[in-house]
Amino acid sequence: MAIVIDTAGIATGTVEPATAPVGQEYSVVVDGVSKIYRTGAKPVQALDNVTLKVKPGEFVSLVGASGCGKSTLLNLIAGLDQPTAGTITSASRPALMFQEPALLPWLSAGKNVELALKYAGVPRGELAGRADELLATVRLAGTARRRVHELSGGQRQRVAMARALAQNSPVLLMDEPFAALDAITRDVLHDELTRIWTATGLSVVFVTHNVREAVRLGQRVVLLSSHPGRVVREWAVDIQGHRTIEHPLVGDLASDITVSLREEIARHAGDKNA
Amino acid sequence: MPETRMPSALETPRVVGGQDYEPADAAAVNAGLDALETHTEVTTPLIRKFGRSVVPPFLAIGLFVGIWQWAFSMKFKPDYVLPSPGTVFTTLGGLFASGRAFEVVWTSLSRGVLGFAMSAVIGTLLGLAIARNRWLRASVGPLITGLQSLPSVAWVPPALLVFGLSNTTYYAVVLLGAVPSMANGLISGADQVPPLFSRVGEVLGLGRWGYIRHILLPGALPGYLAGLRQGWAFAWRSLMAAELIVTTSKLGFGLGQLMDQGRSLSEMDLMLAAIILIFAIGVGIEVLLFRPLERAVLHSRGLRPPGRR
């Protein structure tokens, strides 16, 4: 199933199943997408003509200051919202991870994963087994019966990752998933995410305001401007071998990107309501 | 959908996009972090629990009976107005010995339970409709809240006129008393469901009914249970009011009728015995049914019942 949003400038936003399969070339195509919110007193332009193409198996990091429409863009790709203009094509309904684990507290860790599996079309008899496998993938083997409140923040986010993987989508969207975690746990989860990504070949769009994190994880870092969100620049991350957040090359590239990010933010110094 | 098998964590790592990783290292750190986070449940010994929650109410009841006995022996009021606790308990014992207590309690309790069940069905459907529909919420919502504060005894005369001397009159009054609480409980429970969960539902592709079944209803359960509990209290009160007013030999003889009999015979001990029975049923259902249910639900979610440390 693909989400094709056809627009002629204004929100015609029709969602229909794709007749032609999405090309092998890209798993997500965001083409000239704008988003204007008209709920407030005056319209707010969140995104302006954003184009982003993600290849199968590619890891793209999106960075930007607050108000750059990072989350808006993810919501649009996930199909939770419709663009005002432009088209979004995705290989299938993408999996989405939030900043909060957003696990259902009335279900055990395993049942949370099973719910996603069930709606991904896994037969009833295989649910428990598959959930156990996925929990093992995020190194939480044997915790299927634990309640959400019995897990630590990092463990919860790993269950959320297992749930996202359970959707069996080739596209994983992540909305600052590690922002609320302590530094050590975040570090470990960076390793986990890299491991899972290399093992599964997922396309990942990872949104963060943490430039180092973006460089640590991504093959490509895309910088978005704020008010409205536009693609300013992008960098290829060409660092071989095991990456860590302290890696000198990660630091170097992060410094470069931070300079651009600061310039972007400084442009808004004269804005009203600053 | 293309078949994309999920490889297990234990498979050999590939090097993709210039990145590799050191599984052993990450696994060890992970295991260490998890071990440090080990959750220990603190359990209170059963005897201390008993001492904390069961003994105090009985002490309070004992104290109350003591004061009553003292007031009786001081002869503040004549005996037929203020009988001794002993007289009342003897009357109560007599009701049980003759089997009349069971009959009367059964009549009222079966009315109460049936009325409660009907109210639960109607209240749940109504609450669900109002919680899901913005227009209904704006229009009917305030009326439901208003009805909740209306003493249900006010419905007895009109219900009597409409349904006459029949059990339907009782059920009508019970429904009007209990349904608003239950509907409101479900609505406020549904409002407690974090908005993030509706996005989770969309991302997982639950659809409308999947959302109601897997997210809205379980999420609303604590508020819904509180509503059911309050609904029971209102149902029981409404029923007693209706039974006190609508007394006829045509219908079964319930606790309200027993009270009324005590009133017409000026037998204070009978009235007090009936009050004790009404109180015991109301509290018994609350303590034996709703409180454990509520506690179990909250406990399973890592929450604590209100008013408890």
Side-chain angles (χ1 to χ4, degrees), chain A residues 1 57-59 75 78-80 92-96 98 100 102 104-107 115-116 119-121 130 133-134 136-140 146-152 154-155 163-165 167-168 170 184-185 187-188 191-192 194-201 219 237-243, chain B residues 1-23 25-34 36-41 193-194 196-207 210 213-215 217-222 297-303:
Chain A
M1 189 200 102
E58 193 183 12
F59 197 126
N75 283 345
L80 299 183
S92 92
R93 187 178 51 231
L96 173 58
F98 305 94
E100 300 83 36
L104 306 177
W106 48 88
L107 298 177
L115 183 62
Y119 280 85
R130 291 287 299 278
E133 278 174 37
L134 286 166
T137 304
V138 296
R139 288 200 231 271
L140 281 173
R146 295 271 281 280
R147 293 279 168 177
V148 173
H149 68 270
E150 294 169 334
L151 302 170
S152 70
Q155 289 174 322
R163 181 173 67 180
L165 294 175
Q167 288 187 254
N168 203 17
I184 298 170
T185 305
D187 225 27
V188 172
D191 284 343
E192 297 293 337
T194 301
R195 175 178 61 83
I196 287 164
W197 168 64
T198 51
T200 55
Q219 292 173 294
V237 184
D238 187 21
I239 301 170
Q240 301 299 317
H242 181 63
R243 266 186 230 170
Chain B
M1 195 177 278
E3 185 62 37
T4 47
R5 198 180 67 84
M6 218 55 80
S8 97
L10 306 167
E11 277 178 63
T12 354
R14 299 181 288 128
V15 179
V16 175
Q19 283 213 46
D20 64 356
Y21 65 96
E22 291 150 37
D25 185 39
V29 178
N30 226 327
L33 276 177
D34 288 355
L36 291 172
E37 285 285 348
T38 308
H39 186 86
T40 47
E41 191 108 344
V193 179
L196 183 60
F197 286 172
S198 82
R199 296 176 64 202
V200 170
E202 272 187 80
V203 169
L204 297 183
L206 299 189
R213 184 173 153 214
H214 294 292
I215 294 183
L217 287 179
L221 190 59
V297 165
L298 292 178
H299 183 77
S300 75
R301 298 172 187 202
L303 303 167

Would a 4.5 Å heavy-atom cut-off, applied to side chains only, mark A/Leu96 and B/Glu202 as touching?
no
Against chain A, label B/Ile215 side chain, backbone, both or neither, depending on which of its atoms sit under 4.5 Å from a heavy atom there.
both
For A/Leu140, is it the side chain, the backbone, both, or neither that has a heavy atom closer than 4.5 Å to a heavy atom of chain B?
side chain
Is there a side-chain contact between B/Val203 and A/Gln167 in this structure, where contact means two heavy atoms from C-beta onward sitting under 4.5 Å apart?
yes
Straight-line distance of B/Leu196 CG to A/Phe98 CZ, nearest 0.5 Å:
5.0 Å
State, to 0.1 Å, how close A/Trp106 and B/His214 come at their nearest heavy-atom pair, and which atoms those are.
NE1-O, 3.2 Å
Below 4.5 Å from any heavy atom of chain B, which atoms of A/Asp187 appear? Answer side chain, backbone, both or neither.
neither
B/His299 and A/His149 have their tightest heavy-atom pair at O-CE1, 3.7 Å
